[in-house]
Amino acid sequence: MMINGIDPVLSALRGLSCPAPAGLSAKVFTRWVATPSPLGELYVAFTGTGVQFVRTAESVDGDPAAFAEAYRRRFARPLRTADRAPAGLLPALRGRRGTGLLLDLSALSDFERDVLAATRGIPAGETRPYGWVAREAGRPRAAHAVGSVLARNPVPLLVPCHRVVRADGRLGEYLFGPAHKEKLLRGEDANLDDVLAYARQGMHYLGSDTTGVVCFPTCHQARRITPSHRHGFRTLADAAAAGYRPCRVCRPAVDAA
DNA sequence: GGCTTGACCGCCA
DNA sequence: TTGGCGGCCAAGC
């Protein structure tokens, strides 16, 4: 029934309205921002704990609604636009370490968190094989499972899964496609062409005969080896047989000690 | 709880 | 040199 054009029920409900409790919005919504990145515009969702979900605009057809839907399917929460990006996001996307940027990985399994933690430890411009990540995550034979985890990496770029490559020297797959993986690595000045040339010669490790240390070819220690003192090895066993020990920086294998 | 699915690895022909 | 294949392991149905 209408009285003077005002629905009495609506009128009564208006009288019941009150301000939302402080912090309610943060409990209901996750916030998101768009930000530039080496792969073009990036959509970044973050909670009060840290960044939780990242996708390139390209991967969701430049549609924030598609990003929100992908987020909702995975985390069962709605998104709301944020006023500003979380602290440390922009420098982290420029490849700087120690920016203080926090990640919210609370929705992941222990294995997934261990894999992402190991991957986060790979320096810019360097690569590590899937088997290396598996070993660092405490599951030495779970290389394939590492690939499965990284295929679902909720925070690509921030956890640099583009630095995880196949043991045979090829780059392998990537969430946003192999071309983007290569682009990111070249942008970090990784010596991809050298590594591929070594791999074609069956050399997956490089040692220095002055230090007796053997490294992954992208390790910054390996890149400093003077060519005349550089030796390639197909396996770590070959290197060990020649008297070389694994590099303590890139850790191509666990030291026996 | 069993089956299927992978951004893998390494052997072998 | 390359591709096939069995093994492996965690996640998702």
J.: Would one find a side-chain N or O of Ser148(A) under 4.0 angstrom from OP1 or OP2 of dC9(C)?
T.: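 For dC9(C), neither OP1 nor OP2 has a side-chain N or O of Ser148(A) closer than 4.0 Å.
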J.: Mark this stacking check for His144(A) against dA10(C) as yes or no, applying ring centres under 5.5 Å and ring planes under 30°.
T.: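 Ring-base stacking flag not set for His144(A) and dA10(C).
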J.: Going by an N to O cut-off under 4.0 Å, is there a salt bridge joining Glu173(A) and Lys181(A)?
T.: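 Not counted as a salt bridge, because no side-chain N and carboxylate O are separated by less than 4.0 Å.
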J.: Can you measure Arg128(A) atom CZ to dC9(B) atom P for me and round it to whole angstrom units?
T.: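 Rounded to whole Å, this separation is 14 Å.
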J.: Using Watson-Crick or G-U wobble geometry with both distances under 3.5 Å, which nucleotide pairs with dG10(B)?
T.: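 Across all strands, the one nucleotide that pairs with dG10(B) is dC5(C).
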J.: Can you tell me which nucleotide in dC8(B), dA7(B), dG12(C) comes closest to the side chain of Ala143(A)?
T.: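 Output: dC8(B).
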J.: Taking donor-acceptor contacts at under 3.5 Å, does the side chain of Tyr130(A) reach the base of dA7(B)?
T.: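 Donor-acceptor pair under 3.5 Å: yes.
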J.: Can you tell me if Arg139(A) touches the phosphate of dA10(C), counting only side-chain N or O atoms and a distance under 4.0 Å to OP1 or OP2?
T.: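 Yes, within the criterion.
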J.: Starting at atom CZ of Arg74(A), determine the distance to atom C1' of dA11(C), rounded to an integer number of angstrom.
T.: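 Interatomic distance, CZ of Arg74(A) to C1' of dA11(C): 11 Å.
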J.: Rounding to an integer number of Å, can you tell me how far Asp110(A) CG sits from dA10(C) C1'?
T.: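 Rounded to the whole Å, the gap is 12 Å.
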J.: Compute the ring centroids of Tyr205(A) and Phe233(A), then answer whether they are less than 6.0 Å apart.
T.: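 No, too far apart.
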J.: Using a 4.0 Å heavy-atom cut-off across all strands, classify Leu175(A) as base, sugar-phosphate, or nothing.
T.: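 Base, at least one base heavy atom under 4.0 Å.
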J.: Both Gly202(A) and Ala145(A) contact DNA chain C. Taking the nearest nucleotide for each, which residue is further toward the 5' end?
T.: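 Result: Gly202(A).
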J.: So, for Phe46(A) and Trp32(A), is the gap between ring centers shorter than 6.0 Å?
T.: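 No.
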J.: Can you measure Tyr174(A) atom OH to dG6(B) atom P for me and round it to whole angstrom units?
T.: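 It works out to 20 Å between those atoms.
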J.: Which ones in residues 158-166 of chain A lie close to DNA chain B, meaning a heavy atom under 4.0 Å from one of its atoms?
T.: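 DNA chain B contact set from residues 158-166 of chain A: Cys161(A), Arg166(A).
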J.: Taking CG from Leu185(A) and P from dA7(B), how many angstroms apart are they, rounded to a whole number?
T.: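 From Leu185(A) CG to dA7(B) P: 18 Å.
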J.: How close or far is atom C1' of dA10(C) from atom CG of Leu150(A), stated in whole angstroms?
T.: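 Interatomic distance, CG of Leu150(A) to C1' of dA10(C): 13 Å.
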J.: Answer yes or no: is there an ion pair linking Asp193(A) with Arg186(A), defined by an N-O contact shorter than 4.0 Å?
T.: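 Counted as a salt bridge, because a side-chain N and a carboxylate O are separated by less than 4.0 Å.
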J.: Identify the nucleotide, in any strand shown, that forms a Watson-Crick or G-U wobble pair with dA10(C), with both distances under 3.5 Å; if there is none, say none.
T.: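 Looking at the geometry, dA10(C) pairs with dT5(B).
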J.: Starting at atom CD of Glu112(A), determine the distance to atom C1' of dG12(C), rounded to an integer number of angstrom.
T.: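 The distance from CD of Glu112(A) to C1' of dG12(C) comes to 11 Å, rounded to the nearest Å.
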J.: Which one, dC9(B), dA10(C), dC9(C), comes nearest to the side chain of Phe111(A)?
T.: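 Of the options given, the side chain of Phe111(A) lies nearest dA10(C).
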J.: Side chain of Ala167(A), heavy atoms from C-beta onward: which of dG7(C), dG10(B), dA10(C) has the nearest atom to it?
T.: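 For the Ala167(A) side chain, the nearest candidate turns out to be dG10(B).
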J.: Under a 4.0 Å N-O cut-off, is there an ion pair linking Glu136(A) with Arg128(A)?
T.: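 Salt bridge absent between Glu136(A) and Arg128(A).
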J.: At under 4.0 Å between heavy atoms, what does Ala151(A) touch on the DNA or RNA strands: base, sugar-phosphate, or nothing?
T.: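 Here Ala151(A) touches the bases of the nucleic acid.
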